[in-house]
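Keep in mind that what you see is a predicted model, and the values were worked out from it rather than measured. Keep in mind that the numbers below use all heavy atoms, side chains included, and drop hydrogens, waters and symmetry copies.
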Amino acid sequence: MQIHFQSDPLLGPDDLNITVNAVAKNDKVIKLLNYLDKYNQKSSSLIPIKTEDRILTIKQTELIKVEVTKNILSLTCTPRVGNQLWGYFI
């Protein structure tokens, strides 16, 4: 695989134009195109939670219950995470 960069002043500052050249559209090309297609997508499978001293990242599949009582956010997670009830002030 050869990788080249070419400046294009006609593109916007955040725009990219990517061309993949190959003899045929084979599995390797399809995997690369799929990777590039997903590159700029945001994943919603991880939920970031900011606390006073750190940021926790919880997978959506590990979250069992979310409760909000006044200004307290409580999360219940699967046993892999600790199956504990976390409480945070919001």
Problem - More than 12 heavy atoms from other groups under 6.0 Å of CG on Asn34 - result: yes
Between side-chain atoms of residues 9-23 and protein atoms elsewhere (two or more places apart, or another chain), which donor-acceptor pairs fall under 3.5 Å?
{"from": "Asp15", "atom 1": "OD2", "to": "Gly12", "atom 2": "N", "distance (Å)": "3.2"}

Exercise for the section: Find out whether Leu75 and Lys65 are in side-chain contact, i.e. whether some heavy atom of one side chain is under 4.5 Å from a heavy atom of the other. Expected result: no
Handout entry: Listed partners of Lys25 passing side-chain contact (heavy atoms from CB on, under 4.5 Å), at least two apart
Key = Val29, Ile30, Leu33
Practice task
Scan residues 2-13 for pairs that pass side chain to side chain donor-acceptor pair (under 3.5 Å), counting only residues two or more places apart or in two chains.
Solution key: Gln2-His4
Handout entry: Nearest-0.5 Å distance, OG1 of residue Thr76 to CD of residue Glu67
Key = 6.0 Å
Exercise for the section: State plainly whether one hydrophobic cluster holds both Val66 and Ile55, where clusters connect Ile, Leu, Val, Met, Phe, Trp and Tyr through side-chain heavy atoms under 4.5 angstrom apart. Expected result: no
Completion exercise
In this structure, CG of Leu46 is separated from CD of Gln60 (nearest 0.5 Å) by 8.5 Å
